[in-house]
J.: 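Below: one structure in structure tokens.
Note that these values count all heavy atoms, side chains included, but never hydrogens, waters or copies made by symmetry.
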Amino acid sequence: MAKYEVIIYWSDEDMAFIADIPELPGCMAHGDTYDSALANVKEAMNLWLKTAEECNEPIPVPKGRRLAFA
């Protein structure tokens, strides 16, 4: 499995947990629980990577944890 950073947060607007993979543009998912959001974004990531590969698009190398600069 690819080792991309996943950010999960609660959205009051959507009334759901939102999971985002910032290194894969547009790769997001949601779920009623934290765990379901994580499972859904893993599936979305696999589809994102498969589509990029099929379309000969560049696939970012996972950077892991992002650095914060003050």
Side-chain angles (χ1 to χ4, degrees):
M1 177 177 158
K3 296 182 171 135
Y4 293 99
E5 177 182 42
V6 177
I7 298 171
I8 301 176
Y9 59 93
W10 175 257
S11 169
D12 284 334
E13 181 180 341
D14 299 309
M15 295 299 294
F17 285 93
I18 307 297
D20 179 23
I21 301 178
E23 293 177 78
L24 304 178
C27 189
M28 299 178 76
H30 70 279
D32 293 336
T33 66
Y34 184 97
D35 290 335
S36 66
L38 181 58
N40 292 340
V41 84
K42 285 179 183 179
E43 183 177 341
M45 176 189 65
N46 290 331
L47 292 170
W48 194 104
L49 295 171
K50 180 180 177 184
T51 301
E53 186 176 295
E54 288 173 355
C55 295
N56 294 317
E57 294 291 329
I59 296 175
V61 175
K63 296 176 185 168
R65 188 173 180 183
R66 292 184 291 165
L67 299 176
F69 297 95

J.: Within this structure, what is the CH2-CD distance for the pair W48 and E23, rounded to the nearest 0.5 Å?
T.: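 So the CH2 of W48 and the CD of E23 are separated by 10.0 Å.
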J.: Should we say atom CG of D32 is surrounded by more than 12 heavy atoms from elsewhere, each under 6.0 Å from it?
T.: no
J.: Closer than 3.5 angstrom, by distance alone: can the side chain of Y4 be matched with the main-chain N or O of K63 as a donor-acceptor pair?
T.: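 Here the side-chain-to-backbone pair does not exist.
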J.: If you compare all heavy atoms of A37 against all heavy atoms of A29, which two are closest, and at what distance to 0.1 Å?
T.: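 Of all heavy-atom pairs spanning A37 and A29, the closest is O-CB, 4.4 Å.
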J.: Taking atom CD of E54 as the centre, report whether more than 12 heavy atoms of other residues, nucleotides or ligands fall under 6.0 Å from it.
T.: yes
J.: Under the side chain to side chain contact (heavy atoms under 4.5 Å, CB included) rule, what do E5 and I21 come out as? Steps first, then yes or no, please.
T.: CA-CA 6 Å; E5 177 182 42; I21 301 178; over 6 Å; no
J.: Run the side chain to side chain contact (heavy atoms under 4.5 Å, CB included) check on I8 and L38 step by step: do they pass?
T.: CA-CA 8 Å; I8 301 176; L38 181 58; 3.9 Å; yes
J.: With sequence neighbours left out, what residues match D12 under side-chain hydrogen bond (donor to acceptor under 3.5 Å, both in side chains)?
T.: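 side-chain hydrogen bond (donor to acceptor under 3.5 Å, both in side chains) list for D12, sorted by chain: W10.
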J.: Could you see if I18 belongs to whatever hydrophobic cluster contains L47? Use Ile, Leu, Val, Met, Phe, Trp, Tyr and a side-chain cutoff under 4.5 Å.
T.: no
J.: Checking N40 side chain against H30 main chain: does a donor-acceptor pair fall under 3.5 Å?
T.: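 Yes; judged by distance alone, with no hydrogens or angles, the pair exists.
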J.: Under a 4.5 Å cut-off applied to non-hydrogen side-chain atoms, are D20 and C27 in contact?
T.: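 No, every pair of side-chain atoms sits at 4.5 Å or beyond.
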